[in-house]
Protein chains: 2
Amino acid sequence: MKSNPPPIVTVDAVLLTIVNAELCVALHQRESFPFAGHWALPGGYIHTLEDDSAKAAAARVLRDKTGVVSPYLEEFGSFSGPVRDPRGWSLTMVYFALAPVVSAQVTLFPVSRLPSLPFDHGAIVAGVMERVRSKASYSSLPVHLCPSEFTISELHGVYEVVLGESINMANFRRKLADLNLLEVIPGGMRSAGRSRPSQLYRVNKRFKDRLSVRDRGL
Amino acid sequence: MKSNPPPIVTVDAVLLTIVNAELCVALHQRESFPFAGHWALPGGYIHTLEDDSAKAAAARVLRDKTGVVSPYLEEFGSFSGPVRDPRGWSLTMVYFALAPVVSAQVTLFPVSRLPSLPFDHGAIVAGVMERVRSKASYSSLPVHLCPSEFTISELHGVYEVVLGESINMANFRRKLADLNLLEVIPGGMRSAGRSRPSQLYRVNKRFKDRLSVRDRGL
DNA sequence: TCAATAGTGTCTATAAGACACTATGCC
DNA sequence: GGCATAGTGTCTTATAGACACTATTGA
C-alpha cells in the first residue's frame with residue numbers, strides 16, 4: 001500500500017472593509033508559484049515556530065501582506081481536496097476579517113466586481129459574503145466595519161451596505177437601544193453639511209470582547 | 001532562520017445519537033501513541049490518496065472506526081496549536097455527525113458523563129454540543145437523530161433531549177407544519193401501548209438534501 | 001368505560017415593521 | 001426662515017408561548 005503524502009496546509013484571509021458605500025475585499029498580488037502575479041487572497045503557510053494557532057497564522061499573514069493589525073477575525077471554515085492547488089492535495093483554513101479604513105498598502109476590490117481569482121478563492125469569497133450577510137441580519141457583527149467613533153447614521157449605512165437593502169431608521173434605533181451595545185461619547189458631536197449634527201457613539205466596553213455568534217444582536 | 005516543521009494534520013469526528021433519552025457521543029479506544037488505550041474521539045490522518053476532502057476523510061474515519069456510514073456530517077471548525085498534541089504543532093478539523101441508532105460496534109457515552117478525554121477532545125465535545133443545541137433552537141437539524149420513519153411525538157422528544165428543556169407540543173406542531181418539512185406516510189401508524197396510535201412521518205424529499213444553516217427551521 | 005397519548009383551537013404577550021411626526025443646527 | 005438630517009412616538013401585523021380543549025385507540 002502506498003503511503004499518503006501529507007497535505008499542503010495553508011491559511012487564507014478575506015479582509016472586508018467599506019469604501020464608498022461598497023463592500024471591498026483586500027487582494028494581494030502573488031509573488032511565487034503557483035499563479036505568480038495573479039491577484040489572490042492573502043494567504044500562506046503556518047509557521048509552526050511562531051504561530052500559536054491557525055488563527056494566529058491568519059492574523060500574521062494579514063499583518064505582513066496588508067499591514068492591517070488585529071481586526072475582527074473569525075474562522076470561516078476549511079477548503080480542501082486533491083485538485084484545488086496544482087501543488088497537490090491541499091487544505092486551507094479560511095478566516096475573515098472586518099476592519100474600518102485600511103492601511104494604504106492594501107489593494108481593495110469591490111466584491112461585486114472582483115477579478116477572476118486563482119484556486120477556489122472565488123468560491124471562498126462568495127461563501128464568506130454569504131456568512132457575513134447572514135450574521136449581519138441577526139448580530140452586531142457589522143460594527144467592526146466602523147471606526148472607534150461613529151454616528152448611528154453611519155452604522156445604519158454600514159448595515160445597509162452589508163445587507164444590500166434599506167433598513168427603517170426608527171426600528172434600527174430601537175433595536176440598537178435594546179441591545180445596549182453602544183455608549184454615548186459625552187460631548188461628541190459630528191457636524192456634516194448644513195444639517196443637524198449627530199451624536200457620536202462607541203461600542204460599549206463590555207461588548208467589545210464578546211461580540212460572538214451567540215449574541216442576539218441586531 | 002530555522003525552517004518551520006509542517007503541522008500534524010488530522011480529522012476528528014463527534015458522532016452524536018440518542019439512547020434512552022440521553023445524547024451520547026461515540027468514543028473509540030486509541031490503539032497507538034499518544035494516549036494508547038484511552039477513550040477518545042474517532043480521528044485520524046487525511047489519506048491524500050483516497051480522500052476527496054477533509055470532510056470525506058472524516059466520513060471515512062467514522063465508517064472505519066464506528067461502522068456508521070453516511071450520517072449527517074457537518075464541519076465544526078479547527079483546533080490547532082503547538083501543545084495540544086504531544087507529537088508537536090497540530091491542527092485537527094473537527095466534524096460532527098448526527099445519526100439515529102448506531103451500529104453495534106460503537107461505544108457510546110452520555111455527554112453528561114464523559115470520561116476525561118485526551119488532547120483537547122473535552123473542549124471539542126463541549127463546543128460541538130453548544131453548536132448543536134444552538135442550531136436545534138432555530139433549525140431542523142435534530143431530524144437527523146430520528147430514523148427514516150418517526151412520529152411527531154418522537155421528534156418532539158428528540159428536540160427536548162437536545163435542547164434540555166420541555167417544549168409545548170401544540171406550538172411544536174404548528175411550527176413544524178409551517179415548515180413543510182415532513183410528509184405523512186400514507187397509512188403509516190404506530191401503536192404504542194394502549195393509547196391512540198400516532199401518524200408516521202418522513203422528511204420531505206425536497207428538504208432531505210438542503211437542511212442547511214440557512215433554513216429558518218424550528 | 002377509562003387510561004393514555006395524539007392532536008386542535010384560541011387567547012395573550014412580545015417583537016418586528018411601517019410611517020408620521022418632532023428637533024436642531026447651519027446656510 | 002427653511003433645508004437637511006437627527007431622532008421620537010405610536011399604530012399595525014406577524015410570531016411565539018401558554019393552556020384548555022377534543023379525538024382515538026387498546027386494555
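Just so it is clear: chains get the letters A, B, ... in the order the sequence lines come, proteins before strands, and each one is counted from 1.
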* Asked: Does a side-chain N or O from A/R194 land closer than 4.0 Å to OP1 or OP2 of D/dA4, or not?
  -> yes

* To do: Check the side chains of B/S198 and B/R190 for a donor-acceptor pair under 3.5 angstrom, ignoring hydrogens and angles.
  => no

* Between B/D178 and B/R196, just flag the one whose closest nucleotide in DNA chain D comes earlier from the 5' side. => B/D178

* Between C/dA6 and B/S195, is there an OP1 or OP2 to side-chain N/O distance shorter than 4.0 Å? -> no

* **First of B/R174 and A/M189 reached from the 5' end of DNA chain D, by closest nucleotide** => A/M189

* Spacing between B/R190 atom CZ and C/dA6 atom C1', to the nearest angstrom -> 14 Å

* So which one's nearest nucleotide on DNA chain C is more toward 5', B/A170 or B/S153? -> B/S153

* Mind checking B/S191 for me? I need base, sugar-phosphate or nothing, with any heavy atom below 4.0 Å counting as a touch. => nothing

* Criterion ring-ring contact (aromatic ring centres under 6.0 Å, His included) on B/F119 and B/F35, from CA distance to verdict -> CA-CA 9 Å; B/F119 309 103; B/F35 303 109; 5.0 Å; yes

* Kindly indicate whether the side chain of A/Y201, heavy atoms from C-beta on, has any atom under 4.5 Å from the side chain of A/I152. => yes

* Protein-nucleotide distance (B/L155, atom CG; C/dA6, atom P), rounded to Å -> 12 Å

* Asked: What nucleic acid atoms does A/T151 come within less than 4.0 Å of, heavy atoms only: base, sugar-phosphate, or nothing?
  -> nothing

* To do: Measure from the side-chain heavy atoms of B/N168 and tell me the nearest of D/dA18, C/dT8, D/dA16.
  => D/dA18

* Asked: Roughly, in whole Å, what's the span from CD1 in B/I152 to C1' in C/dT5?
  -> 14 Å

* Structure fact -> Separation of C/dT10 atom P from B/R173 atom CZ, nearest Å, is 17 Å

* To do: Would you mind reading off the distance between B/N171 atom CG and C/dT8 atom C1', rounded to a whole angstrom?
  => 12 Å

* To do: Figure out the CD/P separation between B/E160 and C/dT5, and round it to whole Å.
  => 13 Å

* To do: Could you tell me whether B/N20 atom CG has more than 12 heavy atoms of other residues or ligands within 6.0 Å of it?
  => no

* Quick one: are the ring centres of B/F172 and B/Y159 less than 6.0 Å apart? -> yes

* Asked: Rounding to a whole Å, what distance do you find between A/Q199:CD and D/dT8:C1'?
  -> 16 Å

* Asked: Quick one: B/H156 NE2 to D/dG17 P, roughly how many Å, whole number?
  -> 12 Å

